[in-house]
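Letters A, B, ... mirror the listed sequences (proteins, then strands); counts begin at 1.
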There are 2 protein chains.
Amino acid sequence: MAVSPERESDVFVAISHRARREMLDLLTETERSVGDIAAHFEMSRPAVSQHLRILLDAGLVGEHRHGRERRYHLVPERLGPVREWMAHYEQFWDNHLLRLQQQLAKGEEE
Amino acid sequence: MAVSPERESDVFVAISHRARREMLDLLTETERSVGDIAAHFEMSRPAVSQHLRILLDAGLVGEHRHGRERRYHLVPERLGPVREWMAHYEQFWDNHLLRLQQQLAKGEEE
DNA sequence: ATTATAGGTAAGCAATCACTTACCTGTCAA
DNA sequence: TTGACAGGTAAGTGATTGCTTACCTATAAT
């Protein structure tokens, strides 16, 4: 296996905090400096740094320095474990796309 | 709005613990008694009860009594907030189903 | 060189978590 | 009626969270 199950859990913990989800949401648009991100929250800048650290440890964001700034960017692939887990529950939605997928799969079998 | 944003967050917290995700997974098959659920875990039965309480408070499971048993069952709709949040990230997967959906949407527009 | 800016790290603290053991209530069985 | 069993609740505890203020380093601007 490529990724330890231990590590995957961290992703669920990382997204369990509203502020961290909002940080990820901000990064869907573009990469951002810490100051830019912090401006969207009430909490102190160190608190933002600490949240970013958790996202970084979970692999959900990456960082690169730009002068004296650090720009954070989204690493969406790391949401894979969440996506995979949620996929088990697709059966419970009346999802016309799922049915389409199943038909396609059947089509490929035959 | 039907559900307070406060409450939605609880769902993310509820699924942040591996054991609780596994409990939900068990309930995708069928409803189960606490003893049945507890048998799948190393932890004490009270610990299992406490996890079930968290899932119950989050609305992710429901309970009904059956003699001296309590059967827990999945309430998959409560995963909606997770599903909706994840939907923002669909754009980042090379998802042929998504493209299909977009084409369908386009088709409906015209 | 000096000063301002970006942002990480340390230490401290109250609140919450995850677990345990002990105990209690309600139901079924003899 | 007397156990046995299902399972929730209480209390206690160590670990972890989430935040703060204070401090430090590195880059940029004057």
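The CZ atom of B:R53 sits 13 Å away from the P atom of C:dC17 (whole-angstrom rounding). To the nearest angstrom, C1' of C:dT5 lies 17 Å from NE2 of A:H66. For the pair A:L52 CG and C:dA6 C1', the computed distance is 13 Å after rounding to whole Å. Atom pair A:R32:CZ and C:dG7:P shows a separation of 13 Å (rounding to whole Å applied). Whole-Å rounding puts the A:H64 NE2 to C:dA6 P distance at 18 Å. Taking atom CD of A:Q50 as the reference point, atom C1' of C:dG12 lies 12 Å away to the nearest angstrom. Counting to the nearest Å, the C1' atom of C:dC17 and the CD1 atom of B:I54 are 8 Å from each other. Going from atom CE of B:M23 over to atom P of D:dG7 covers 13 Å, rounded to whole Å.
Between B:W85 and B:F12, the angle of the ring planes goes over 60°, which puts this pair in the perpendicular group of the 30/60° scheme. Under the 30°/60° scheme for interplanar angles, the aromatic rings of B:H73 and B:H64 are found to be tilted.
Distances shorter than 4.0 Å separate some side-chain N or O of A:Y72 from OP1 or OP2 on C:dG8. At the phosphate of D:dC19, OP1 or OP2 sits under 4.0 Å from a side-chain N or O atom of A:H17. In this model, the phosphate group of C:dG7 is not approached by any side-chain N or O of A:S49 to a distance below 4.0 Å at OP1 or OP2. OP1 or OP2 of D:dC19 has at least one side-chain nitrogen or oxygen of A:H51 nearer than 4.0 Å. For B:R70, a side-chain nitrogen or oxygen approaches OP1 or OP2 of D:dG8 to under 4.0 Å.
Side-chain atoms of A:R68 lie closest to C:dA6 of the nucleotides C:dA18, C:dA6, D:dG8. Residue B:E69 places its side chain closer to D:dG7 than to any other of D:dT9, D:dC19, D:dG7.
Within residues 41-48 of chain B, the residues approached by DNA chain C to less than 4.0 Å at the level of any non-hydrogen atom are B:M43, B:S44, B:P46, B:A47, in residue-number order.
B:R20 comes within contact range of the sugar-phosphate backbone alone, with a heavy-atom separation under 4.0 Å but no base atom that close.
One hydrophobic cluster holds both A:L26 and A:L24 under the rule that ILVMFWY side chains link at heavy-atom gaps under 4.5 Å.
Other residues, nucleotides and ligands contribute more than 12 heavy atoms inside 6.0 Å of the CD atom of B:E29.
Atom CZ of A:R78 and atom CG of A:D10 lie 8.0 Å apart (nearest 0.5 Å).
Scanning both residues, A:V13 and A:R20, for their nearest heavy atoms gives O-NH2, 3.3 Å.
A donor and an acceptor atom, one from each side chain of A:D25 and B:Y89, are located under 3.5 Å apart.
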